[in-house]
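All values below were derived from every heavy atom in this structure, side-chain atoms included, with hydrogens, water molecules and symmetry-related copies excluded. Since we're looking at a predicted model, the values are computed, not measured.
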Amino acid sequence: MKKITLGALALSVASAPLTATAGGADLTVFDWSGYEDTGFFGSYMEEYNEAPSYTFFGSQEEAFTKLQSGFTADLAHPCSDAVRKWVAADLIKPLDPAKLDHWDALLPQIKEVDGIMIDGEVYMMPFEWGNTGLIYRTDKIADDAISLQLLADPAYQGKVAIPDAASSAYALAALATGNAADYTKMSDEQFQEASDYLRKVHPNVRFYWSDAGQMDQAMASGELEMGWAWNQSELNLIWNDTPAKMMRDVDKGIATWVCGYVHLKSSTASDDQVYDLLNALSAKESGKYIIESWGYPHGNSEAFEIADQELIATYGFDDVDQFFEGSLFFDAVDPALEARMLKEFERIKSGF
């Protein structure tokens, strides 16, 4: 038997290549409920054999407050309108496009959205985008009768749900009152008009939802007839044979958003593992999955080439420019106005 001295053993260990010891679950993601779906990050699962760890938030306001209070994670999933605020609060750090394998394949219209890049630095990797719109039961409300003003009609008392999020509620109100163009910088008069509208809607609100699944179930059961919600809710209802659809008439009012992933300053995972997940999320295969299974368009332009073409045409994702044109685009709201929205929305929900 060949003898190995302690010195030789030490030398062989020191010169051996290092191997990754991190487990997939060692990476923590602060996210919306549902985004733990493994269909979004196939290559990460292949490499680590397990999913990241997830903690969930119900709104961007909740996420921001929790992060400011010391909650730690590696990645988070805000939307572009929140990024400037998160950067100002020193919560996130820039991303390196050179480490994003699919950066060049991302839609140029999406990469140009405010909040993706700030002062020449990339702060968010765009993942998905879509609409927030009025979804309604087509067996209860005729297409030619649906409108945002209908949410305030006393005939629908207890038949309405809107998000428990001030930014989304005031986007709805800005559209309903004809102030969409000034959503991020509403005057005192416009803000009052929007608040008055939400007060009129309040008696009709059965609940303010923080989990879209809650709204989907209530609409499927007939408890609700209208809800201000995302693309996925429309798809869920259709798949469950509920007669429902989203009002996409830009003249009547619809909003558009872009969301993605940011690298938190509290991150303790290695950069390699962080970028492994970001690259899995931004792959075209992930995009195909979210288009076909969730009804959301993806950031990767190549995903649209391999996804179901009939679905892409049905959802209107075949013309990106047209998709954005005419809708209210969620953008960073003036901080003073945002503070007013948050405070006033709490009063409205309490009946004041």
Any luck finding a side-chain donor-acceptor pair between [X] and [Y] under 3.5 Å?
| X | Y | answer |
| --- | --- | --- |
| S327 | T256 | yes |
| D96 | Y275 | no |
| D216 | S233 | yes |
| Q273 | Y44 | yes |
| W257 | T132 | yes |
| D31 | Y261 | yes |

Spatial distance of atom [atom1] ([X]) from atom [atom2] ([Y]) [nearest 0.5 Å]:
| X | Y | atom1 | atom2 | value |
| --- | --- | --- | --- | --- |
| S80 | I110 | OG | CD1 | 8.5 Å |
| Y123 | L95 | OH | CG | 9.5 Å |
| I291 | L311 | CD1 | CG | 9.0 Å |

| message | Determine whether F345 and Y208 satisfy the following criterion, ring-ring contact (aromatic ring centres under 6.0 Å, His included), listing intermediate values before the conclusion. | response | CA-CA 11 Å; F345 189 52; Y208 292 89; 5.7 Å; yes

| request: Would you please test V262 and L75 for side-chain contact (heavy atoms from CB on, under 4.5 Å) and show each step? | output: CA-CA 6 Å; V262 297; L75 291 169; over 6 Å; no

Between [X] and [Y], ring centroids under 6.0 Å:
| X | Y | answer |
| --- | --- | --- |
| F64 | F57 | no |
| Y296 | W129 | no |
| W209 | W228 | no |
| H77 | F30 | no |
| Y35 | W294 | yes |
| F329 | Y183 | no |

For the backbone of [Y] and the side chain of [X], can you confirm whether one donor and one acceptor N or O come within less than 3.5 Å of each other?
| X | Y | answer |
| --- | --- | --- |
| E62 | G58 | yes |
| H202 | A152 | no |
| E292 | D308 | yes |
| T28 | D74 | no |
| S286 | F40 | yes |
| N204 | D153 | yes |
| E50 | A25 | yes |

| message | If hydrophobic clusters are built from ILVMFWY residues whose side chains come within less than 4.5 Å, do M246 and I238 share one? | response |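 No, it is not one cluster - the side chains of M246 and I238 are not joined through contacts under 4.5 Å.
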
| query | Does one hydrophobic cluster hold both V201 and F352, with members joined at side-chain heavy-atom distances below 4.5 Å? | reply | no

How close do [X] and [Y] get, counting heavy atoms only, and between which atoms?
| X | Y | answer |
| --- | --- | --- |
| S147 | M247 | CA-SD, 4.1 Å |
| P126 | V258 | CB-CG1, 4.1 Å |
| G227 | M219 | N-CE, 3.5 Å |
| R199 | P203 | O-CD, 3.2 Å |
| S293 | W239 | O-CH2, 2.9 Å |
| V274 | S267 | CG2-OG, 4.1 Å |

| Stepwise side-chain hydrogen bond (donor to acceptor under 3.5 Å, both in side chains) check, T242 with N240 | CA-CA 6 Å; T242 302; N240 285 285; over 6 Å; no

| E285 bridged to K288 by N-O distance under 4.0 Å |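 No, this pair does not count.
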
| field | Salt bridge flag under 4.0 Å for residues D272 and K99 | value | no

Does a side-chain heavy-atom distance below 4.5 Å link [X] with [Y]?
| X | Y | answer |
| --- | --- | --- |
| F191 | E344 | yes |
| V160 | R206 | no |
| S33 | Y54 | no |
| D271 | H263 | yes |
| Q309 | F304 | no |

| Please walk me through it: do Q190 and D182 pass side-chain hydrogen bond (donor to acceptor under 3.5 Å, both in side chains)? | CA-CA 8 Å; Q190 290 171 325; D182 298 315; 2.9 Å; yes

| field | Criterion side-chain contact (heavy atoms from CB on, under 4.5 Å) on L224 and M215, from CA distance to verdict | value | CA-CA 8 Å; L224 296 177; M215 196 213 73; 3.7 Å; yes

Is the count of non-hydrogen atoms from other residues, nucleotides or ligands lying under 6.0 Å from [X] atom [atom1] greater than 12?
| X | atom1 | answer |
| --- | --- | --- |
| K85 | NZ | yes |
| K66 | NZ | yes |
| D143 | CG | yes |

| said: Show, in sequence, the C-alpha distance, side-chain angles and deciding distance for Y156 and E225, and conclude whether the side-chain contact (heavy atoms from CB on, under 4.5 Å) test is met. | reply: CA-CA 8 Å; Y156 294 95; E225 295 183 13; 3.3 Å; yes

| said: Run the salt bridge (charged side-chain N to carboxylate O under 4.0 Å, His left out) test on E234 and K245 for me, step by step, so that the C-alpha distance in whole Å, both residues' side-chain angles and the decisive distance to 0.1 Å come before the verdict. | reply: CA-CA 6 Å; E234 179 189 27; K245 68 179 180 181; over 6 Å; no

| message | Between D188 and Q192, does the side-chain hydrogen bond (donor to acceptor under 3.5 Å, both in side chains) criterion hold? Intermediate values first, please. | response | CA-CA 6 Å; D188 289 346; Q192 189 60 54; over 6 Å; no

| request: For E36 and V29, run side-chain contact (heavy atoms from CB on, under 4.5 Å): C-alpha distance rounded to whole Å, both residues' side-chain angles, the deciding distance at 0.1 Å, then the answer. | output: CA-CA 9 Å; E36 72 276 19; V29 185; over 6 Å; no

| task | Cation-pi check, K111 to W103: give yes when NZ or CZ is under 6.0 Å from the six-membered ring centre and within 45° of the ring axis, no otherwise. | result | yes

